[in-house]
Amino acid sequence: MTLKVKYFAVLRERRGLAEETVEVEPTTAGGFTAWILREHSLGLPPALVRLAMDGTFLADDEPLRDGAEVVLIPPVAGG
Amino acid sequence: MTLKVKYFAVLRERRGLAEETVEVEPTTAGGFTAWILREHSLGLPPALVRLAMDGTFLADDEPLRDGAEVVLIPPVAGG
Amino acid sequence: MRFSLTREPITVSREPSPGAGGFVTFDGRVRDNADGQSVLRLEYEAFDEMALAEGQKLVEEAAARFELVDADVVHRLGLLEVGESAVVITVAAPHRREAFGACEWIIDQLKWRVPIWKKEHYASGESEWVLAQASPTEATDGLYDRQIRMPEIGAEGQQKIGAASVLLVGLGGLGAAVLPALAGAGVGRLVLVDADTVDATNLHRQTIYRRSDVGRGKAERAARFAKELNPSVDVAAVPEMLDAANAERLVQSCEIVVDGTDSLATKFLLNATCKRLGKTLVTASIHGFEGQVFTVTPDGPCLQCLFPETPTDGCVDTCAVNGTVSVVPAFFGVLQANEVVQSLIGGPVLMDELLLFDLAGKSMTKLRRWHRPGCRGCLGEFVSETPGWEVDTVEEAQERHADLQVVDIRELDEEPDGPVGSTRIPMGEWAGRVPEAPTLFICASGARSGRLVVDMRSRGVSRVYSLRGGVHGMVERN
Amino acid sequence: MRFSLTREPITVSREPSPGAGGFVTFDGRVRDNADGQSVLRLEYEAFDEMALAEGQKLVEEAAARFELVDADVVHRLGLLEVGESAVVITVAAPHRREAFGACEWIIDQLKWRVPIWKKEHYASGESEWVLAQASPTEATDGLYDRQIRMPEIGAEGQQKIGAASVLLVGLGGLGAAVLPALAGAGVGRLVLVDADTVDATNLHRQTIYRRSDVGRGKAERAARFAKELNPSVDVAAVPEMLDAANAERLVQSCEIVVDGTDSLATKFLLNATCKRLGKTLVTASIHGFEGQVFTVTPDGPCLQCLFPETPTDGCVDTCAVNGTVSVVPAFFGVLQANEVVQSLIGGPVLMDELLLFDLAGKSMTKLRRWHRPGCRGCLGEFVSETPGWEVDTVEEAQERHADLQVVDIRELDEEPDGPVGSTRIPMGEWAGRVPEAPTLFICASGARSGRLVVDMRSRGVSRVYSLRGGVHGMVERN
């Protein structure tokens, strides 16, 4: 399936881009998050990164929809 | 045709609502603006109110699309 | 500690200065402790020649900066016991505010700039030379460190910000939010334009002013604020209203113009002037919890592309009428400052969009703007015809119609004095009604009467007019 | 005006106060002009008994408020010629800043509170009783006028704002933008928490501080700012770091909590404490030109619903590392203040959404948050286990693996002193490489080493660890 991935904050910096389109096997929110963090050596454990699809955060076991736009949100600390 | 109309600033206050759906004969941006200002006694001449459709401001003679969302922007002066 | 009253002269010897009302003295003495250590005595040493020259410069700078009547500084050298005075600064000014400001400024600067060293002799028998304080230069060195660390800015971006000049027109709610952000960011030169004075009703949202500023010029107080925040920024105060006479000169003096005014006429005048002179204009307006912001670049679509007919100031209300809360102008002012920063570092600006934001619903709408062919604003012309349905004076309407009636549409409980010969028939009673004779409608500011007349004309009624500026406008002209 | 140096004692007679280093005197004298009129003399009259009582109260208040060593006020009554002193205020404090602050505060308050009247005798032969100044009450009367005019606020809304208490934790970039907006809006009570002192690198974005505040406590300086902006607001300064020991007491003291910190640990601690005590929390964080903001209400989803595992502070960087520009914290701080205002007037808040904004692209994303079943944060528990891949000390890792190697991955040009026994192999050399023995990686703050270790573990490498807090953390613990 095809996903449009948007990165925020430190993930955007580490990935070096704000968004990209990726091809993956059908998967869940948790599975995709773990895969993409590992794939690009983004340096954050999956438990600390949240994924949102269609404007809503997903639980780790929720499936992703083909063609969806997903947003990856890392913790942000600056103040 | 059916239009979803969104009002801003002083127009929202004078109309008493933020948005509504209206039924009108096929018309242009300028024609619709003049009609709706008159219809609801909104107290601004059409030349001073701009209409945007699909996120873009229109010229007065451009036609409106059935089912579109249109936004009415009055001049705003507060600072 | 005692408060007393006396009917005899208070004896404090000073030079007579009949024009001075505020005298402030600072007397810095040797304390018996420092950083937890018990101090027996202090020793001061100076590089005499340099200290005298720098000190003299400092005093003269203070006198000019705070418009002092007099200023005098004496510093002690050698060995001092606990309780002895090390430095005494006396300052005289017409008003107390400047006297306090100058006296504190002098001692702060003196500690930084004048080469005098201090040795502390402790009860323990030890002694140590002590540095008074970091120098202002050092303080500025780190000032932009966090900004330079941003990859989008860097040393090069900071250099561009420092070299830039910004004209900020209007020091109300928007301007008061733009100013700290730009002065903090280190914009090299700021020219602050506003003819108004600070009013008590401004303070809740114009948080660069203090209660003690009430009644004083906004431009001057805002300049003082910016200088205190960042002394390395060059700030000029222009206590004038921006109008056709000075617009060209003021706009020409800077690279970027920020419109923080609440006047539609001024916004359109700035738009035309910026277009003519090839300057970038960042404009914003607020209404309730909403507002809008966009940037007019030398090549992009302008404000007049959007509104070909310049609206008159009476057609919509300002914050003074509608009310506003601190967060709204603060939000849009910061967005304006961001447009300036982005513009300077080559980031994206709202050059062909208009950004609307609603702080209640936290919703944003961006609408695409475009060049209108033949736009006179883009050519630098200020379009300002009075529309046919508005008149500037009662006489102007009377000249058009001998049988004119003048109707005051304010409510019955508003101020009673309508113009001579007017009849009061409140706004509410005109719903669905049409006047029989040609009529000039009048309200307090011209907003309600304009609305009524526009509504009547849209229904085909001619020979109805609105008095621009309303009763308040008449009073101001008299 | 002359600057001079002397080796002889300076003669200014005053009571000896060996603990006082700063003496400030204000001497208010009769000027020869007022409002453009030429003045010959002044006449002062007092309601003696009341003036003495109120004046005494004022002096004692000043002494307590500014921690003075001494304060003395003498006011003259009767007929005074030009150049004579009308009032003399002398103040002694350990440091000059308090002496200046107290002296100016006393004269401002005296003019408002102490019943003394002034008659001006003009050169024209006329004379007039003059009111010194509007009273603080009068000034406050108009202060919220523009706010009350908003239909969403009104007198009722203003009353709610005035009755509210807000705990503001963190007085850095975000807090410095929240504070003026809330103090200006008239929030009744503000409790300001921060253990930090002002640093020169703060000033560009934390525009409530001045250069003269460098080295002084943020909580106290921020409180001073708020009091000067709006004296009718009750402000308390808490120069402590919010931690498990004081969180409950501080959060309990207010209705709404604003998180302006840059520590993930503090954010999650505040989240749990607010949930436990049924308080509303407005949280925000920034990174570069981006940031996020949302509100945790007593019934809504919380921060821990979003991140079940509390991130450690080393896992992402703060502004000190990444850099930031004035407009970014200003923008998100204003959004936080807006959440507070909306919450108080019953307007919409971001209670089940997270708002992301990018100030470069001016784009906004709102993402829906939901309750996670079994969330410990919602139950008021602070989840703070150290993850398995992080250790707090080198010894902790050595206890797990006798054959542990310690590798410093900082670049070769960074400070040279890694811990004893460590080998320096910079970050870049670890790409695609796996250590042969169990390894503890160390960098400056724990951010880079954490990233490297997380990456290795995601590839199946175990027995690799990161030192939490890095070399800086080790230094701080020693």
Side-chain angles (χ1 to χ4, degrees), chain A residues 3-20 24 27-65 68-79, chain D residues 170 172-175 259-264 267 284-288 290-292 301 305-313 315-322 324 328-329 332-333 353-354 356 358 361 365-370 372-373 387 389 431 447-448 450-455 457-459:
Chain A
L3 295 172
K4 186 170 166 196
V5 187
K6 293 182 81 169
Y7 299 98
F8 274 87
V10 70
L11 290 178
R12 162 142 74 186
E13 278 173 20
R14 292 182 182 174
R15 183 68 189 101
L17 6 111
E19 55 184 71
E20 64 181 328
V24 288
T27 180
T28 59
F32 177 75
T33 303
W35 173 79
I36 199 137
L37 292 174
R38 189 174 63 240
E39 177 72 10
H40 299 302
S41 300
L42 297 176
L44 279 173
L48 294 191
V49 175
R50 305 321 301 165
L51 181 145
M53 180 173 75
D54 301 334
T56 300
F57 285 105
L58 300 187
D60 282 351
D61 55 2
E62 290 186 77
L64 299 184
R65 184 172 42 74
E69 178 180 285
V70 299
V71 179
L72 290 174
I73 308 285
V76 181
Chain D
L174 292 168
D259 158 37
T261 71
D262 61 358
S263 155
L264 289 166
K267 288 174 194 296
S285 302
I286 59 173
H287 183 96
E290 287 171 79
Q292 50 178 246
C305 289
L306 199 56
F307 293 101
E309 195 174 301
T310 304
T312 56
D313 273 310
C315 81
V316 289
D317 295 325
T318 62
C319 297
V321 179
N322 292 319
T324 183
V328 183
F332 289 96
E353 287 176 309
L354 175 149
L356 292 162
D358 169 17
T365 307
K366 285 204 280 187
L367 301 173
R368 192 153 293 272
R369 299 183 291 122
W370 36 260
R372 190 168 47 80
W389 49 269
R448 282 173 289 177
R451 192 179 158 186
L452 181 63
V453 166
V454 164
D455 188 40
R457 291 200 165 218
S458 76
R459 295 167 191 287

Against chain D, label [X] side chain, backbone, both or neither, depending on which of its atoms sit under 4.5 Å from a heavy atom there.
X       : answer
A:Ala18 : neither
A:Leu58 : backbone
A:Ala52 : side chain
A:Ile73 : both

Task: Side chain D:Arg368, main chain D:Glu353, donor-acceptor under 3.5 Å - done: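 Looks like no, no N/O pair under 3.5 Å.
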TODO: Check for a donor-acceptor pair, side chain of D:Glu309 on one end and backbone N or O of A:Leu48 on the other, with a separation under 3.5 Å.
DONE: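 Between the backbone of A:Leu48 and the side chain of D:Glu309 there is no qualifying donor-acceptor contact (under 3.5 Å).
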Task: Option from A:Thr33, A:Val49, A:Leu72 for which side chain to side chain contact (heavy atoms under 4.5 Å, CB included) with A:Leu44 holds - done: A:Val49
TODO: For the pair D:Lys267 and D:Asp262, find out whether any cationic side-chain nitrogen is under 4.0 Å from an anionic carboxylate oxygen.
DONE: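 No, no charged N to carboxylate O under 4.0 Å.
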Open item on the list: Can you confirm whether A:Tyr7 sits close enough to A:His40 that some side-chain heavy atom of one is under 4.5 Å from a side-chain heavy atom of the other?
Closed with: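 The answer is yes, as the side chains (C-beta and beyond) meet within the 4.5 Å cut-off.
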Open item on the list: Quick check for you: among D:Leu356, D:Leu452, D:Asp358, which has the greatest number of heavy-atom pairs under 4.5 Å with chain A?
Closed with: D:Leu356
